[in-house]
Each structure stands twice: as structure tokens, then as C-alpha cells.
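See structure below.
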Amino acid sequence: MHYNHKPIFPARFMWGASSAAWQVEGAVNEDGRTPAIIDLNSQTKKPYTDNSIASDHYHHYKEDVRLMKEAGFTSYRFSIAWPRIYPDNSGVPNQLGIDFYNNLINELVSNGIEPIVTLYHYDMPVWVDKEFNGWYDRGIIDAFDQYVRTCFKEFGDRVKYWLSINEQNMQICYGKWLGVCKNEDTWFEDQWKINHIMNLCHAKAVIACHEMVDNGKIGPVPGYVPIYPSSANPEDQIAAMNAEELTEKVWNDFYAHRKYNGFIKSYWKENNIDPDIRPGDLELFEKAKIDFFALNCYRSNAAKEAKIDETAQSYELNKSGVKGNLIFPVVPGVYQLVENPYVETNDWDWEIDPVSLRYMLRYVWDHYQLPMMITENGYGAHEDIAEDGKVHDPERVEFLKTQIYQVGLAIQDGCDVIGYNPWSFTDLLSTGNGMAKRYGLVFVNTTDEDLRDLKRIPKDSYYWYSNLIKSNGQDWGE
Ligand code: BG6
């Protein structure tokens, strides 16, 4: 469908940007915070820097919020670090941790910026990991419930948009990379037990939010990679549907319908998998009615039939930032992913596909009829300060321009989209590439090798985005 006019964004659309505590805050040993599993995970990603200082947002939050305000932000999506709130298992929350988030939230609200808060973005406290063997033991459910209830109690008077678990599907699909998997030999079955425990935590958070926060709204944050069939061969279409189920639809159906779908139940049966569903679990799910979908989307994939006798291949992400190092997965008898000749890629071989946003929004709206907000979308690149002292990022401007335009088209198509918060506001650590892969609208002057002065320098994309959002999506620039 082609429209003869520019897309029109709704009034009160939430324009902002996004971050996560462990990637942006630093100050990992300050004010009572104890280590998180992701701190340890980030230390293993050498030669990239770890999260002990990151972008030092902990000490720069006022300046960062000022830059948001100047850009015209009406929202900011960030996460709370669980080990700042509960540094140990004493059951007593850490007042200094609570104070930090109160200060940040107050700063946002007084500047007219709506806080959108993720409860879990990979920073499980090490004490929780030790006591409950990470996500493997149901003991974590009560610890998580205690933590989220404290967040709702302390911040729920000002925070009305809550996100439960960031990219649960990606944590399962990339269990080893994100530090969730503890035993690769048994992961094929373990992942579904862990996923079930995560679902119980998600459900508890949804229920507690509705109980405790006046007008509180809460949703999940799937990591979305739309999957197209690589050809019109009907078997490729089924392969794309299989990939879609096993990487995202199983989760999205669960969140929206509050029960496991037929595809996954049959998959478990076929593969002799027992996800360890216990009495009362399904009844709990039934009560966890979400209010919206928060969607993270950076790229798309193309799928092709994989015959049963093909050799299995696991997905190997490009971790070097040198094009051509990604290895696509082959799941015999189910699907394989292949290169898509119709889209460009970035240095990490991620597809640059603006239309995937429109596709995703249409798909999710058609399936679930729930409001949607984009909570991540962005362009990762090698960058530094230019000779003129500025940071020029024309590729990011182009990326944002083309991607946001497609969000606008999806809105014209009838989708209920309530906000756009790209990744990321300032530069922050990439999950595997430290500061070498930058996403920010604002440059942070530090590198993996050299801790510089951490100065904030708005990039060209910051100014472009600012003009767009101040005009509520009308001023697209040149
Ligand atoms: C999302 C995560 O999957 O992708 C973020 O929620 C992450 O935490 C982002 O940083 C980009 O991925 P990466 O690996 O380039 O940092």
C-alpha cells in the first residue's frame, strides 16, 4: 500500500530512546550494589571493556536527562539493576539503590519525560544465581517477586509503563551468549524448563503490577527478528513459520493468550521434552493479562527448507565486527536461515531492513490486537570524534529515517503504536562488543582500550532525531 502523504503520528506519541542498567550505568561497586551475573559475563568478552564504568550514567544521569529534554524527548526506557535494590538475601532492600532510581525518575518526570522501566535486563544478582542456580531452580520466582514488588511500591506512583523481562526469547535462543545456559550438553531440554520458570516470573510481575500500581501498565519485551521465506517454494514458507515459532511466536502467543500454543506442545512431545509444568502454574498464567507489547527489532532473517538429512549447524553470531563472519543456523527437518539478497548488512552482518518494522507491527497487531511500542531499534557502528570535534553518523541518520518512516506507515495501516524508543540514547556497551559497537544518539568519549573523559557529544543523528520528534514526525530533514 502506498500513501500519498507523510505518515501522521498520534498526539502524545512517546518519542525517546532506550538503555539498560548494566550497559550504561557503571558504578558497579557503589552505594551497596553487589555483582550481577552479567558483570562476570561482560568480563569474559575480551578484548572489549567490561561494565565496571560503561558510560558512567550513574554519575552523569542529570546531564543525560538534560540532553534528552533538549532533544524534545517525551519518554525514556531504562532498566533497574536488581542487585542495586537487593544486594543480598537479607530480605532488606538497599535504600541507596532505591535513592538512585528515585532521583533518576524524578529528574525525568520533572522534565516531562515518561519513564518506561524494564524490570529485568540480564542483571541477576550473583547471590540469586548462587542460591537458586540461576534460572534453573524455582526458588528464583519468590526472589524475583520480592524484587518487582519493591520496585512497584517505591516507584509505581510515578512509573506507569513497566516491562517484565527483556528478550526472554533471545535469552533462551542465545542461552550461552547471554550467560543463562550452565550446561550445553543438557540445554536442549533445560531451555524449556528455564523458559517456564521465566514465564512464571513474568506472570508474577504482571499480576503484582496490576495489584500495586494505580493505572499501571505492563508488557513483555520480545526480541523480534521478522522471518521471511527465502522463496515462494511452499516448503520455504513452512520453514519460515517454523523459525518464527521457535524464535518468537511461541513466546508471543504465550504472553498474549496466557497459555502454551499447539506448536510448542507438539514439539515438546515429539522431542521428549518435559518443561516441568506443575499444578497451579497454568492457573497463575491465566491471571497475567498484559497491556501492550514492547518490541525490540533491529533486523530480519530469511528462511529456507532444511531437509532432515542436512548437517546441523548452530547459529554463530559475528563477534568481530568484520563483515562475513556470521554463520547461519541449520536445524535439520525444521528450517535454516540464509542470506537475503534484497537487504544490506552492517559490519556485524545484521540485516538493515526498514520494512521489517512495518511487517512486525502489522504481524503483531493482526495476531494480538494489543498496543505496541518500539523499545529497541538502532544502528551499531564503529565511530569516533571527527577532526572538527563533532561525531558524524550519516548511516545512523539514514537508518533512523527509513525505519521510523516504516513505523509511520504501519500506523497508517491501522496498527496501534504508542511509542518509539530506539537503542540507544548515549553510547553504551554492546552485549558482546563493548564500545567498539556504538548505537548512541549521543557519543560518550571512552573506548575499550582507553578510558577518556566520558564527555557527552550529541551526534548528527541526535539533532536530526530532535527535529523529527519536536515536529511529532513531520520534519524529516533533507
Ligand atoms: C538487544 C538487547 O538484543 O540488542 C540489548 O536488549 C543489546 O541489550 C542490543 O545491546 C544490541 O545488541 P548488541 O549485541 O549489538 O549489543
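The figures that follow rest on heavy atoms only: side chains count, while hydrogens, waters and symmetry mates do not. Counting starts at 1 for both ligands and their atoms, in listed order. Counting begins at 1 with the first residue of the sequence.
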Nearest-neighbour protein heavy atom for [atom], which is reported as residue plus atom name and distance:
atom: atom 15 (O) of ligand 1; answer: Y439 OH, 2.5 Å
atom: atom 10 (O) of ligand 1; answer: Q23 NE2, 2.8 Å
atom: atom 9 (C) of ligand 1; answer: Y298 OH, 3.3 Å

Are side-chain N/O atoms of [X] and [Y] paired as donor and acceptor at under 3.5 Å?
X: N296; Y: N166; value: yes
X: Q168; Y: N199; value: yes
X: T186; Y: D190; value: yes

Residue of the set H196, H202, H257 for which ring pair (Phe, Tyr, Trp, His ring centres under 6.0 Å) holds with F285: H196
N/O separation below 3.5 Å, W350 to ligand 1: no
K437, portion touching ligand 1 at heavy-atom distance under 4.0 Å: side chain
Residue selection (non-hydrogen contact nearest atom 13 (P) of ligand 1) among T431, N433, N166: T431
H210/W162 aromatic ring centres below 6.0 Å: no
Over 12 foreign heavy atoms within 6.0 Å of CD, E30: yes
Close approach, E376 and ligand 1, non-hydrogen under 4.0 angstrom: yes
Test item, W348 contacting ligand 1 (heavy atom, 4.0 angstrom): no
Numbering as shown, the atoms of ligand 1 that approach S430 to under 4.0 Å (heavy-atom distance): 13 (P), 14 (O), 15 (O), 16 (O)
Enumerated ligand 1 atoms positioned under 4.0 Å from heavy atoms of E167: 1 (C), 3 (O), 6 (O)
Stacked cation flag K45 on W177, 6.0 angstrom / 45 deg: yes
